[in-house]
Amino acid sequence: MPRIRLMIGADTALGPGKAALLESIGRHGSIAAAARDLGMSYRRAWNLADSINNAFVQPLVETATGGKGGGGAYLTEFGREVLNRYRVMEEKAAASVAEDLADFGRLLREKE
């Protein structure tokens, strides 16, 4: 399947890794839990979430401070919309190049 990266200048506003982070935050309600789920450090996940928020006109991820009631993170409505649109674009891209991708695959060596 083709991978889409939405670029702003030289920076990736949203790509496969950031989309996976958003989905994991949505599932777990926590940046720390999402980081563990994806096998990355909390700092890396936090920095990615921050860069995603800075790339868009509204935040995609909101956080709540920890304490007795716990903290956490969640996708905003805008974040869910952006993620859904990204996944739709991935599906459209895959469908539009499926035949070419199959032809291209025949040009590659088989892995042993």
Side-chain angles (χ1 to χ4, degrees):
M1 175 190 259
R3 308 289 243 163
I4 293 179
R5 295 187 196 295
L6 304 177
M7 307 293 289
I8 296 177
D11 297 325
T12 303
L14 195 58
K18 289 179 178 178
L21 178 62
L22 291 175
E23 287 175 336
S24 191
I25 290 170
R27 272 193 315 275
H28 297 289
S30 161
I31 293 175
R36 282 191 299 276
D37 180 43
L38 298 172
M40 68 175 67
S41 72
Y42 172 77
R43 181 179 171 84
R44 173 97 175 117
W46 178 266
N47 286 338
L48 285 173
D50 191 48
S51 74
I52 294 167
N53 279 345
N54 288 327
F56 289 90
V57 297
Q58 295 178 37
L60 281 65
V61 176
E62 293 273 334
T63 58
T65 345
K68 187 170 175 109
Y74 63 93
L75 293 185
T76 63
E77 184 66 33
F78 183 71
R80 286 191 297 278
E81 178 185 347
V82 167
L83 183 58
N84 287 337
R85 286 180 183 221
Y86 175 81
R87 291 302 185 205
V88 167
M89 286 190 297
E90 274 189 324
E91 290 171 11
K92 287 179 180 179
S96 72
V97 297
E99 187 177 317
D100 294 320
L101 198 55
D103 289 340
F104 191 80
R106 289 189 277 278
L107 303 174
L108 299 171
R109 289 184 193 267
E110 287 189 32
K111 291 188 179 185
E112 297 176 4

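Every value quoted in this text rests on a predicted model; they were computed, and no experiment measured them.
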Exercise for the section: Of all the heavy-atom pairs spanning Lys18 and Ala13, show the shortest one and how long it is. Expected result: CD-O, 3.7 Å

Handout entry: Least distance between heavy atoms, Ala73 atom then Ile31 atom
Key = CB-CG1, 3.7 Å

Handout entry: Contact summary for Leu38 and Ser24, nearest pair of heavy atoms
Key = CD1-CB, 4.2 Å

Completion exercise
Taking every heavy atom of Arg5 against every heavy atom of Pro16, the minimum-distance pair comes out as NH1-CD, 3.1 Å

Problem - Minimum-distance pair of heavy atoms, taken over all atoms of Ala34 and Leu21 - result: CB-CD1, 3.9 Å

Practice task
Under the side-chain contact (heavy atoms from CB on, under 4.5 Å) rule, what do Val61 and Leu75 come out as? Steps first, then yes or no, please.
Solution key: CA-CA 5 Å; Val61 176; Leu75 293 185; 4.0 Å; yes

Handout entry: Atom pair CZ (Phe56) and OG (Ser51), whose distance is rounded to the nearest 0.5 Å
Key = 9.5 Å

Handout entry: Within one Ile-Leu-Val-Met-Phe-Trp-Tyr cluster: Val57 and Val82, side-chain cutoff 4.5 Å
Key = yes

Problem - Single-linkage hydrophobic cluster, 4.5 Å side-chain cutoff, Tyr74 and Leu14 together - result: no

Problem - Contact check, side chains of His28 and Asp37, non-hydrogen atoms, under 4.5 Å - result: yes

Handout entry: Heavy-atom pair with the smallest gap, counting every atom of Ala93 and Ile4
Key = CB-CD1, 3.7 Å

Handout entry: Cationic N near anionic O, under 4.0 Å, Arg87 to Glu91
Key = no

Practice task
List the steps, then state whether side-chain contact (heavy atoms from CB on, under 4.5 Å) holds for Glu81 with Glu77.
Solution key: CA-CA 6 Å; Glu81 178 185 347; Glu77 184 66 33; 5.7 Å; no

Practice task
Would you kindly confirm whether Ile52 and Met89 end up in one hydrophobic cluster when ILVMFWY residues are joined by side chain heavy atoms under 4.5 Å apart?
Solution key: yes

Problem - Straight-line distance of Tyr42 OH to Asn47 CG, nearest 0.5 Å - result: 9.5 Å

Problem - Separation of Asn53 CG from Leu48 CG (nearest 0.5 Å) - result: 11.5 Å

Handout entry: Gap between atom CG of Leu108 and atom CD of Glu110 - 0.5 Å precision
Key = 10.0 Å

Practice task
Give, for atom CG of Leu22 and atom CG of Leu60, the distance between the pair rounded to the nearest 0.5 Å.
Solution key: 6.0 Å

Handout entry: Within 6.0 Å of CZ in Arg27, more than 12 heavy atoms from elsewhere
Key = yes

Handout entry: Other residues, nucleotides, ligands: >12 heavy atoms within 6.0 Å of Arg80 CZ
Key = yes

